[in-house]
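If you're wondering where the values come from, they're calculated on a predicted model, not measured in any experiment. As the structure lists them, so they are numbered: ligands from 1, and atoms in each ligand from 1.
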Amino acid sequence: MTKARRMMQENMALIDLLIELTDARAPQSGRNPDIDSLAKGKSRIIVLNKSDLADSEVTDRWRAFYEKDGILTAAVDSRKGSGVRQLKPLIDKACEEKIERNRRRGIVNRPVRAMIAGIPNVGKSTFINSFAGKAVAKTGDKPGVTKGKQWIRLNKNVELLDTPGILWPKFDDQVIGMRLAILGSIRDEITDEGELAVWLIRYLTDQYPDALEARYRLEMDQQNVPGDPALAILERIAVCRGCLKAGGQADLSKAAKVLIDDFRSGRLGRITLERP
Ligand code: G4P
């Protein structure tokens, strides 16, 4: 983490524009809270990635939320490439001021430099490939010029650092940790999947009541279930998916994995875990 922070600080000194990638399913939880101080004075764009998996109506609300603070935004699906094309005009817009300031100082032909950054697993590599995959003209890519940073020229005004900045997830609030773990941004080994599954079931029951029903055909009257209804639902998922232990008992930890996997891959539908 200290190394990641040092790298970010080093790279930040080289760039004019930060393109911050976050997960459209939990945009605010997926942002590193130090980013505002790290990126002080830089132009900013927030890209809500994996928007194909998120609730589109909530994504629009998040974009409005950030744009209210003057930050440009885009919603993209980097895997399919949709929405990625809108980035170039957005970058030009974000850099207008910088290019104009350079021009007034007599600095011409100096491209604006940008970097992609985000927490692990948010899709940085996928995004860079989709966004700049064809722009292979790396400026430092000449014999004898192996040291230093590699920049990808996007157009005559803009260059992109070819390796993304890695931000680390940081949170004091347990709910934020829960969302990040469900998205897969915090390693599975350090989180208890049973706890994650119960949290997710409660959230879905509250916000997307049809999602579980549609996927697992729960067919249960939750009012009449003794004990914790979320645990009862997890048990039903175990039975429905054949997650059973040797004696025929429901294997809740296996069911929890199935549920989380179904969520991550979009099989439960388009779901966002937090609202502005
Ligand atoms: P990182 O560099 O930020 O760590 O993330 P990376 O690009 O490796 O992407 C992490 C996972 O997220 C990959 O899935 C990738 O395909 C997926 N992904 C990235 N962008 C999007 C998107 O916009 N929509 C969706 N649905 N998925 C996205 P994986 O299962 O780990 O790898 P793979 O099986 O796709 O190769």
Engineer: Which atoms of ligand 1 have any heavy atom of Leu53 under 4.0 Å away?
Structural biologist: 26 (N)
Engineer: Looking only at N/O atoms, are Ser51 and ligand 1 under 3.5 Å apart anywhere?
Structural biologist: no
Engineer: Say whether, by atom type as modelled, one donor and one acceptor occur between the side chain of Glu20 and the main chain of Arg44 under 3.5 angstrom.
Structural biologist: no
Engineer: Should Arg270 and Asp52 count as side-chain neighbours, where that means a heavy-atom distance under 4.5 Å?
Structural biologist: no
Engineer: Give the residue, atom name and distance (to 0.1 Å) of the protein heavy atom nearest atom 2 (O) of ligand 1.
Structural biologist: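 Answer, as residue, atom name and distance: Ser125 OG, 2.8 Å.
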Engineer: Kindly say whether Gly123 contributes a backbone atom to a donor-acceptor pair with the side chain of Ser78 at under 3.5 angstrom?
Structural biologist: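 Not at all, since once roles are kept as given, no pair shorter than 3.5 Å links the two residues.
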Engineer: Has Lys50 got its NZ or CZ under 6.0 Å from the middle of the six-membered ring of Phe127, at an angle within 45 degrees of the ring axis?
Structural biologist: no
Engineer: With heavy-atom distances below 4.0 Å as the criterion, list the atoms of ligand 1 near Ser78.
Structural biologist: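 So the answer, numbered in order with elements, is 20 (N), 22 (C), 23 (O).
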Engineer: What residue and heavy atom of the protein are closest to atom 19 (C) of ligand 1, and at what distance?
Structural biologist: Thr126 OG1, 3.5 Å
Engineer: Counting distance only, does the side-chain N/O of Lys93 pair as donor-acceptor with the main-chain N or O of Lys88 below 3.5 Å?
Structural biologist: no
Engineer: Is the backbone N or O of Val122 less than 3.5 Å from a side-chain atom of Asn49, with the two atoms forming a donor-acceptor pair by type?
Structural biologist: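 Yes; judged by distance alone, with no hydrogens or angles, the pair exists.
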Engineer: Counting heavy atoms only, which of Lys80, Arg264, Lys124, Arg79 comes nearest to atom 30 (O) of ligand 1?
Structural biologist: Arg79
Engineer: Given Leu21, Val122, Asn49, Asn121, which has its nearest heavy atom closest to atom 4 (O) of ligand 1?
Structural biologist: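 Among Leu21, Val122, Asn49, Asn121, the closest heavy atom to atom 4 (O) of ligand 1 belongs to Asn121.
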Engineer: Do Asn11 and Thr163 make a side-chain contact, defined as non-hydrogen atoms from C-beta onward lying under 4.5 Å apart?
Structural biologist: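 Asn11 does not reach Thr163 side chain to side chain.
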Engineer: Can you list the atoms of ligand 1 that are under 4.0 Å from a heavy atom of Asp52?
Structural biologist: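 Ligand 1 atoms under the 4.0 Å threshold to Asp52: 22 (C), 23 (O), 24 (N), 25 (C), 26 (N).
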Engineer: With a 4.0 Å cut-off, strictly under, does atom 36 (O) of ligand 1 pick up any protein heavy atom?
Structural biologist: no
Engineer: When the ring planes of Tyr66 and Trp62 are compared, do they come out parallel, tilted or perpendicular, using 30° and 60° as the limits?
Structural biologist: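 Rings of Tyr66 and Trp62: parallel, as their planes differ by under 30°.
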Engineer: By number and element, which atoms of ligand 1 are closer than 4.0 Å to a non-hydrogen atom of Asp77?
Structural biologist: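 So the atoms of ligand 1 that pass are 22 (C), 23 (O), 24 (N).
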Engineer: Do me a favour and list the nearest non-hydrogen protein atom to atom 21 (C) of ligand 1 with residue, atom name and distance?
Structural biologist: Lys50 CG, 3.6 Å
Engineer: Between ligand 1 and Gly123, is the shortest N or O to N or O distance under 3.5 Å?
Structural biologist: yes
